[in-house]
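The next block holds one structure in the form of structure tokens; read it before the comments.
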Amino acid sequence: MHFGLCSSRILCVRVCAVSFLRVCRLKTTLSMPKRAKKNEEAVEGETGNGAEPAKKEKKGKEPEAPILYEDPPDKTSSKDGRASNMKITSWNVDGLRAWVKKKGLDWVRKEDPDVLCLQETKCAEKALPSEITDMPEYPHKYWAGSEEKEGYSGVAMLCKTEPLSVTYGIAYVPNASRGLVRLDYRKTWDVDFRAYLSVLDQRKPLVLCGDLNVAHQEIDLKNPKGNRKNAGFTPEEREGFTKLLEAGFTDSFRELYPEQANAYTFWTYMMNARAKNVGWRLDYFLLSSALLPGLCDSKIRNTAMGSDHCPITLYLAV
């Protein structure tokens, strides 16, 4: 789905893209998939979790302590000195109803973003829990899920300010899948989606956010060597991401933290991957070049629990 804020737009399609104007007159175009396909595992590796197979420890050798990532203090002003006045959070919740039961909304209330973008809601609108549909903090709520198969995919956007417009129909970001059986489809989708975003960008700057199903660089996953032929880290998928950046969009996290390693947003539930910080950075905020001067911070809230992904938050001065 995508939605525009005054002079910019936010889009959410298992990704959320946002185009921004000003916070005062929130022009929002919210694109949600008309037909969302079953959400497949975001990444798969030789052990089914995007990681290399576990190696047997030699007798007497202590296992290495995990290298964890600590989210630094929030920066709430841009390089040109403007204070942040727009806060967006994106979270692949891996099932909204289960996420609500795991107290995901408690975390959201503490984070208190202006716009909340959710992916993998896996919940028909008629089955949404009242805990989220009745949230007074977000009077403007938008939902999109599969109309054919309940429990597949789904995105949502909750806003404090009413969007100027909402648009439905963007396709779900595809997964190359086990055995890369959908890699060709993903490559075609990347081209079409990039063209679509470029058209939006010509009208007004935008923010694209959500789970993009690709780790761009080796620094963006724990085991790059063992995953070069696995979904989410193939040369073709990474090249598609590179071309998206070359089309005029910026990875906000890498813009601010170009050398930061061990910063991930997804961990498989298997093999205690999260505790070991064996993960992937699959969730992004990409910005139009016109918004870069207002970039304050791009956060990875890796201590927030409730899903196999953690939330990410963007601070902007618009």
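None of the values given here were measured: they were computed from a predicted structure.
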- Item | Pairwise side-chain contact, Cys159 with Tyr142, heavy-atom cut-off 4.5 Å (strictly under) | yes
- Query: Got a sec, which pairs hit ring pair (Phe, Tyr, Trp, His ring centres under 6.0 Å) with one end in residues 197-231, sequence neighbours left out?
  - Reply: His216-Phe241
- Decide yes or no for Leu286 and Leu245: does some side-chain heavy atom of the first lie under 4.5 Å from some side-chain heavy atom of the second? yes
- State which residues pass side chain to side chain contact (heavy atoms under 4.5 Å, CB included) with Glu131; sequence neighbours excluded, sorted by chain then number. Val100, Leu105, Pro129
- Message: Is there a side chain to side chain donor-acceptor pair (under 3.5 Å) between Thr234 and Glu237? Walk through the geometry before answering.
- Response: CA-CA 5 Å; Thr234 62; Glu237 292 164 296; 2.6 Å; yes
- Between the side chain of Tyr269 and the main-chain N/O of Asp308, is any donor-acceptor distance below 3.5 Å? yes
- Query: Step by step, would you call Lys160 with Glu137 a salt bridge (Lys or Arg N to Asp or Glu O under 4.0 Å)?
  - Reply: CA-CA 7 Å; Lys160 291 184 176 181; Glu137 299 93 331; over 6 Å; no
- Contacts of type ring-ring contact (aromatic ring centres under 6.0 Å, His included), residue Trp99, not counting sequence neighbours: Trp91
- Message: I'd like to know whether Trp267 forms a side chain to side chain donor-acceptor pair (under 3.5 Å) with Asn277, so could you lay out the CA-CA distance, the side-chain angles of the two residues, the decisive distance to 0.1 Å, and finally the verdict.
- Response: CA-CA 7 Å; Trp267 306 261; Asn277 199 28; 3.0 Å; yes
- Query: Do His140 and Pro163 touch side chain to side chain, with heavy atoms closer than 4.5 Å?
  - Reply: yes
- How many angstroms lie between CZ in Arg194 and CG in Leu208, if you round to the nearest 0.5 Å? 13.0 Å
- Task: Kindly compute the distance separating CG (Leu68) from OG1 (Thr303), expressed to the nearest 0.5 Å.
- Result: 11.0 Å
- Item | Residues Asp251 and Arg281 bridged, charged N to O under 4.0 Å | yes
- Checking Ser78 side chain against Arg82 main chain: does a donor-acceptor pair fall under 3.5 Å? yes
- Query: Could you give the distance from CG (Leu200) to OG (Ser288), rounded to the nearest 0.5 Å?
  - Reply: 9.0 Å
- Is the shortest heavy-atom distance from the side chain of Leu118 to the side chain of Met157 under 4.5 Å? no
- Item | Backbone of Gly226 reached by a side-chain donor or acceptor of Asn230 within 3.5 Å | yes
- Item | Residue pairs fulfilling salt bridge (Lys or Arg N to Asp or Glu O under 4.0 Å) with at least one residue in residues 285-295, sequence neighbours excluded | none
- Identify the heavy atoms of Ala156 and Trp143 that sit nearest to each other, and give their distance. CB-CE3, 3.3 Å
- Item | Close side-chain approach of Met135 and Arg109, heavy atoms under 4.5 Å | yes
- Message: Going by side chain to side chain contact (heavy atoms under 4.5 Å, CB included), name the residues that satisfy it together with Ala290, two or more places apart in sequence or in a different chain.
- Response: Pro205
- Please answer: with hydrophobic residues joined when any side-chain heavy atoms are less than 4.5 Å apart, are Tyr185 and Leu244 in the same cluster? yes
- Task: Ignoring hydrogens and angles, tell me if any N or O in the side chain of Lys101 forms a donor-acceptor pair with the backbone of Leu96 under 3.5 Å.
- Result: no
- Query: Do the side chains of Pro72 and Tyr69 get nearer than 4.5 Å, heavy atoms only?
  - Reply: yes
- Task: Identify whether Leu291 and Tyr257 are in the same connected component of the hydrophobic contact network (ILVMFWY, side-chain heavy atoms under 4.5 Å).
- Result: yes
- Message: Checking Tyr138 against Ile132 for the side chain to side chain contact (heavy atoms under 4.5 Å, CB included) test, could you report, in this order, the C-alpha distance in whole Å, the side-chain angles of both residues, the deciding distance, and whether it holds?
- Response: CA-CA 9 Å; Tyr138 298 98; Ile132 193 168; over 6 Å; no
- Task: Quick one: list whatever passes salt bridge (charged side-chain N to carboxylate O under 4.0 Å, His left out) with Arg254, sequence neighbours left out.
- Result: Asp220
- Please answer: with hydrophobic residues joined when any side-chain heavy atoms are less than 4.5 Å apart, are Leu256 and Leu292 in the same cluster? yes
- Taking the side chain as C-beta and beyond, is there a heavy-atom pair between Tyr264 and Asp283 under 4.5 Å? no
- Query: Hey, mind stepping through Val278 and Asn223 against side chain to side chain contact (heavy atoms under 4.5 Å, CB included) and telling me if it holds?
  - Reply: CA-CA 8 Å; Val278 177; Asn223 294 313; 3.7 Å; yes
- Grab the two heavy atoms, one from Lys276 and one from Pro66, that are nearest each other, plus how far apart they are. O-CB, 3.3 Å
- Task: Tell me yes or no: between the side chains of Ser307 and Asp94, is some donor less than 3.5 Å from an acceptor?
- Result: no
- Checking side chain to side chain contact (heavy atoms under 4.5 Å, CB included) for the pair Leu316/Phe285: CA distance, chi angles, key distance, verdict? CA-CA 11 Å; Leu316 275 180; Phe285 283 107; over 6 Å; no
- Exactly one candidate in Pro113, Ser77, Ser84 meets side chain to side chain contact (heavy atoms under 4.5 Å, CB included) with Tyr315; the answer is Ser84
- Item | Working for side chain to side chain contact (heavy atoms under 4.5 Å, CB included), residues Thr265 and Phe253 | CA-CA 12 Å; Thr265 66; Phe253 183 81; over 6 Å; no
- Message: Return the CD1 to CD1 distance between Ile312 and Ile300, rounded to the nearest 0.5 Å.
- Response: 7.5 Å
- Could you tell me whether Arg228 sits above the aromatic face of Phe233, with NZ or CZ closer than 6.0 angstrom to the six-membered ring centre and within 45 degrees of the axis? no
- Query: Between atom SG of Cys123 and atom CZ of Arg97, what is the distance when rounded to the nearest 0.5 Å?
  - Reply: 4.0 Å
- Message: Taking side chain to side chain donor-acceptor pair (under 3.5 Å) as the criterion, tell me which of Thr89, Asp74, Asp297 meets it with Thr313.
- Response: Thr89
- Measure the acute angle between the ring planes of Tyr196 and Phe193, then classify it against the limits of 30° and 60° as parallel, tilted or perpendicular. parallel
- Query: Is Lys299 paired with Asp71 through a side-chain N to carboxylate O contact shorter than 4.0 Å?
  - Reply: yes
- Query: What distance separates Arg301 CZ from Trp107 CH2, expressed to the nearest 0.5 Å?
  - Reply: 6.0 Å
- Is any side-chain heavy atom of Asp114 less than 4.5 Å from a side-chain heavy atom of Asn85? no
- Check: Thr250 side chain, Ser252 main-chain N or O, donor-acceptor pair, under 3.5 Å: no
- Query: Does a donor on one side chain and an acceptor on the other come within less than 3.5 Å for Gln119 and Ser90?
  - Reply: yes
- Please assess Arg186 against Asp190 for the test salt bridge (Lys or Arg N to Asp or Glu O under 4.0 Å), listing each intermediate value before the final yes or no. CA-CA 6 Å; Arg186 171 63 188 255; Asp190 280 346; 2.9 Å; yes
- Query: In terms of hydrophobic clustering (I, L, V, M, F, W, Y; side-chain heavy atoms under 4.5 Å; direct or indirect links), are Val214 and Trp189 co-clustered?
  - Reply: yes
